[in-house]
J.: 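Take this structure first; my questions come after.
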Amino acid sequence: MRLSDLINKKGGPATPSAPVPVDKVPEKIHVVQEVQKPQATSPAGPQPASPAKQASAPRPTTHLRPAKLPTPSSSSIYDSLPSAIYQAAEQLEIPIPQNRQLVLNNARISLIEIFNAATDPSLPKDNLWEKVRNIVADLSMLLALDSNLAKLLERDSSTAEELSSHSINTALIAMDLAKEVKKIEFTAQEIGAAALLHDIGIAALNMDIDDEMKGTLSSHVEKAVEILVELKVPESVRVMVAQHHERMDGKGYPKGISGKDFLLSSQILALAETFERMMADSFDDNAKKGTPQQNYVQATLDNFHKALDPEILKIFISIRGFYPNGIMVELTNRSICLVLRQNEGFPLRPVIQVVLDSAGNHPETMRVIDLRSNNSLSIIKAITHSGDQR
Amino acid sequence: MNEKIKKALIIDDDQLVCRVVEKILTRRGIQVIVAPDGAAANSVIINDGENLTIAIIDLVLPDGVTGWDIIDFARRTPKTAHIPIIVMTGAVLSEEEEEKFRNKACTIVRKKDFNIESFKEVIDRLIGGEKA
C-alpha cells in the first residue's frame, strides 16, 4: 500500500443518497485490517486547509447536504490527515510507514515516470495529476512525521534523477516554508505540487538542469505551462510554475512581473527552488566530508536581494538560521567555530563548537557554546570554502 | 454483574484514523466494529444496531453515502436513535452546522485538534468510564 493511501481522502464528489437498502447491504462487516480503499478517482472532501481553500469551498449552511460540499473542481486539490492523528498514532505505537528512504525513492521514480509520460507524445497521460497528488501526499506525511528537513533532502547524480530529486527537495523545502507563511494564496500542498512540476519544461526540452542556473532560459517555463495545461493541472499550480523565475523588482523572467503580481506562493517556490540549488553541494558526499560548507542560506538571500517579500525572507531565515549547521563562523573574540545546531527564534545565535580559540589553538576538550545564552559573544562573519562572507 | 459489553461503530475510510480510535476504545474494554464506507456502516446499523453503544462517524466517505446520511439513518432507526454519536471530522464546520449536529445529539471532535486524552474524556462523558 502506498503511504498516500493512508493520508489521501478518497472518493468522488459526494451526492445525496439514501441509506443503502438492506438487500444491497454487504453482509460482511469490514474490520479495520480488511479495509481496502478504493482507487481514488477525484479529489474530494470538505477540509479547507487554507484561506484560499476556504474561499473556494462553499460551506453548507442551512441544510447539511453533501451536494453543498465543494466539488473536485472547486475544492483544493488535497486532503491529508492532520499531524495530530499521526502524533496520536505514534503515542499509541501504531505502526505507520516511516521508511523515509523508501518513500523518497518511490517519489523520485514516480516523478521521473510522470516527466517521461508528460513529455513523450507516444505515452498515455492518464492519471498523471493524480500521481503528482500522491507524491505530494507522501511528502506531506514525511514532513508531518519529521520536522528535520535535512534528513529528507538528497540529490541523485544521474541526469534524470537529478531533476527529479531537485524537484522533490524543492517541494519539501517549499511546503515546509509555506506552513509558516500566513495569508498565502494557495495551500502548502498546491505549492508542493507546483514545486514537483516547476522544471517539467527542462525535461521536455532535454535541457541540462544546470542550464537553468544561468537564468537566461525562459523557454522551459513556457514549455512547462504548456504541458501543465495539457495535463489539466489546476490553475493555481500553473500560475506558480509560470512565476517561479520572476522577481519582485521586475528583473525576473519570462514576463518580468513585479510587486504584488508576484504571488507569495510563487515567491515561496522561487526561494525554495534557489535554496535547493545552493544547497546541492552539501548533498554531495565529498562536500559533506569537508568543512567549511558554503553558507547557502546567505547565498540564497544574496540571490534574492530586493526580489522577494521581506516577510518571506524573514520566515526563511527564522526556519533555516542565518548561519546553517556545518558552516564555520568567526566570533567577536576571533575564535573560529563550527555551527552545530540552530536555536529556534534566534537565527543569528546558533549553538557552536570551538575549532580554534581566540589564541589560534585547538581546544583540548570539546567546547560547545550556546550563543543564545552567551551574550558576550556574537558571530561576525561566516567563513566558507569560497572565502569570507560579510 | 452482568454488564452489557460496550460496542462502538467507527465509520471512517482512513485506516490510520480507524486504528487510532480502535486502539483507544479497545484499551477501555469497548468492542469495535470498523466500517470503511457508508454501505458497511448502514449494514451494521441494520443488523447489529441494538448492540451499539456509540458511533464515531467521519463526514466524507468514499461511496457517496455520507456521514450526514448515516447520522440521519441512525437517528431514524429505532435501535440506534438514542446512541451517542461522535462526528469526527477534518472539515471546518460553521456555527450553524455545529448546531445542527448538536440538535441530533452529536458531539464534534476535530481531527486537527485530536488528542488522546481529550478523546478519552469525550468517550467517558458519553458512555461512562473505563472498566477494569
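Computed from a predicted structure; not experimentally measured. Every chain is numbered from 1 and lettered A, B, ... according to where its sequence line falls, protein lines coming before strand lines.
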J.: Determine whether A:Q87 and B:N115 satisfy the following criterion, side chain to side chain contact (heavy atoms under 4.5 Å, CB included), listing intermediate values before the conclusion.
T.: CA-CA 9 Å; A:Q87 286 162 10; B:N115 171 288; over 6 Å; no
J.: Can you measure from CD (B:E117) to CD (A:Q91) and round to the nearest 0.5 angstrom?
T.: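 The CD atom of A:Q91 is 8.0 Å from CD of B:E117, to the nearest 0.5 Å.
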J.: Do you know which of B:I24, B:I45, B:I70, B:I116 has the most heavy-atom pairs under 4.5 Å to chain A?
T.: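 That would be B:I116.
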J.: Holding to side chain to side chain donor-acceptor pair (under 3.5 Å), I want the full list of residues that pass it with B:T80, two or more places apart in sequence or in another chain.
T.: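 Once residues adjacent in sequence are excluded, B:T80 has no partner under the side chain to side chain donor-acceptor pair (under 3.5 Å) criterion.
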J.: If you draw a 6.0 Å radius around CD in A:E235, do more than 12 non-hydrogen atoms from other residues or ligands fall strictly inside?
T.: no
J.: Measure the spacing between CZ of B:R19 and CD1 of A:I85 and express it to the nearest 0.5 Å.
T.: 14.0 Å
J.: Identify the heavy atoms of A:A89 and B:L16 that sit nearest to each other, and give their distance.
T.: CB-CD1, 3.9 Å
J.: Can you establish whether the number of heavy atoms outside B:K112 located under 6.0 Å from its atom NZ is more than 12?
T.: no
J.: Do you know the tightest heavy-atom contact between A:A84 and B:F114?
T.: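 Between these two residues, the closest heavy atoms are CB-O, 3.5 Å.
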J.: What residues form a side chain to side chain donor-acceptor pair (under 3.5 Å) with B:R110, not counting sequence neighbours?
T.: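 Here the qualifying residues are B:E98.
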J.: Identify the heavy atoms of A:E93 and B:K23 that sit nearest to each other, and give their distance.
T.: O-NZ, 3.8 Å
